[in-house]
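Order of the sequence lines sets the chain letters (A, B, ...), proteins ahead of strands, with each chain counted from 1.
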Amino acid sequence: KQEVTQIPAALSVPEGENLVLNCSFTDSAIYNLQWFRQDPGKGLTSLLLIQSSQREQTSGRLNASLDKSSGRSTLYIAASQPGDSATYLCAVEGEKLVFGKGTKLTVNP
Amino acid sequence: EPEVTQTPSHQVTQMGQEVILRCVPISNHLYFYWYRQILGQKVEFLVSFYNNEISEKSEIFDDQFSVERPDGSNFTLKIRSTKLEDSAMYFCASSVLRGGYTFGSGTRLTVV
């Protein structure tokens with residue numbers, strides 16, 4: 001059974017800092033990995049999708065990497081802004097999409 | 001950018017009542033899903049649907065739950081007799097095969 005773990009559970013940083021969010025998964029037989037953003041009480045916004053054959057994907061200030069063999073992914077956020085404050089969810093697709101519990105990010109002005 | 005649309009955004013219902021949550025998936029997607037998130041917990045899988053039938057369901061998706069694609073655009077989740085523990089945010093999603101999921105903004109279900 002696939003298990004997805006995200007560390008840290010919460011992170012508070014000053015504006016402008018670069019940061020890394022971590023995701024690990026137990027079963028490396030995945031098709032892809034997706035990072036989502038969730039604002040309080042809101043839906044899930046897809047940020048990046050990495051196919052299993054890829055090593056990384058970039059979108060603006062976001063960069064996600066995937067090491068399938070070790071069961072790890074990282075989400076790198078450059079030059080963080082207060083508007084980046086949200087919960088970031090990692091999800092892996094095998095037979096179904098399985099989520100981690102998320103990292104709650106607070107960026108302080 | 002194409003969106004998954006869910007209605008209503010918030011529904012309050014009395015315990016034991018039936019509720020139907022509605023979703024309009026992205027038009028060229030063939031795979032449809034329901035997930036739920038109890039407050040403070042992980043987003044968890046309920047059911048997947050392809051080619052007009054359930055392809056997989058979780059242990060949560062018991063006989064009180066059902067899904068339907070009544071026409072070419074809508075995808076519904078019915079809960080026959082709601083319980084207090086069904087209170088959660090319910091998310092609909094759609095995808096192409098292995099192409100990443102697009103989620104709707106959710107329906108917050110409150111059972112009183």
Counting only heavy atoms closer than 4.5 Å, note whether Q41(B) contacts chain A via side chain, backbone, both or neither. backbone
Atom [atom1] of [X] with >12 non-hydrogen neighbours under 6.0 angstrom:
X	atom1	value
L39(B)	CG	no
R69(B)	CZ	yes
E3(B)	CD	no
E85(B)	CD	yes

Test ring pair (Phe, Tyr, Trp, His ring centres under 6.0 Å) applied to Y88(A) - qualifying residues, sequence neighbours left out: none
Would you name the heavy atoms of E3(A) and K42(B) that are closest together and state the gap between them? OE1-NZ, 4.2 Å
If every non-hydrogen atom of R98(B) is compared with every non-hydrogen atom of N32(A), which pair is closest and at what distance? O-ND2, 3.2 Å
Is it possible for you to say whether [X] and [Y] belong to one hydrophobic cluster, with membership spreading through side-chain heavy-atom contacts below 4.5 Å?
X	Y	result
F45(B)	V98(A)	no
F25(A)	F99(A)	no
V4(A)	L47(A)	yes
L84(B)	L46(B)	yes
I54(B)	I60(B)	yes

Against chain A, residues from residues 22-32 of chain B with at least one heavy atom under 4.5 Å, in numeric order, are none
Those residues of residues 101-112 of chain B that come under 4.5 Å of chain A on a heavy-atom basis, listed by number, are Y101(B), F103(B), G104(B), S105(B), R108(B)
Flag, side chain of E93(A) to backbone of G99(B), donor-acceptor distance under 3.5 Å: no
Flag, side chain of K96(A) to backbone of S58(B), donor-acceptor distance under 3.5 Å: no
Between [X] and chain B, with a heavy-atom cut-off of 4.5 Å, which part of the residue counts as in contact: side chain, backbone, both or neither?
X	value
L49(A)	side chain
L33(A)	neither
Q38(A)	side chain
K42(A)	backbone

Qualifying residues under side chain to side chain donor-acceptor pair (under 3.5 Å), relative to S95(B), sequence neighbours excluded: Y33(B)
Find out whether L44(A) and Y35(B) are in side-chain contact, i.e. whether some heavy atom of one side chain is under 4.5 Å from a heavy atom of the other. no
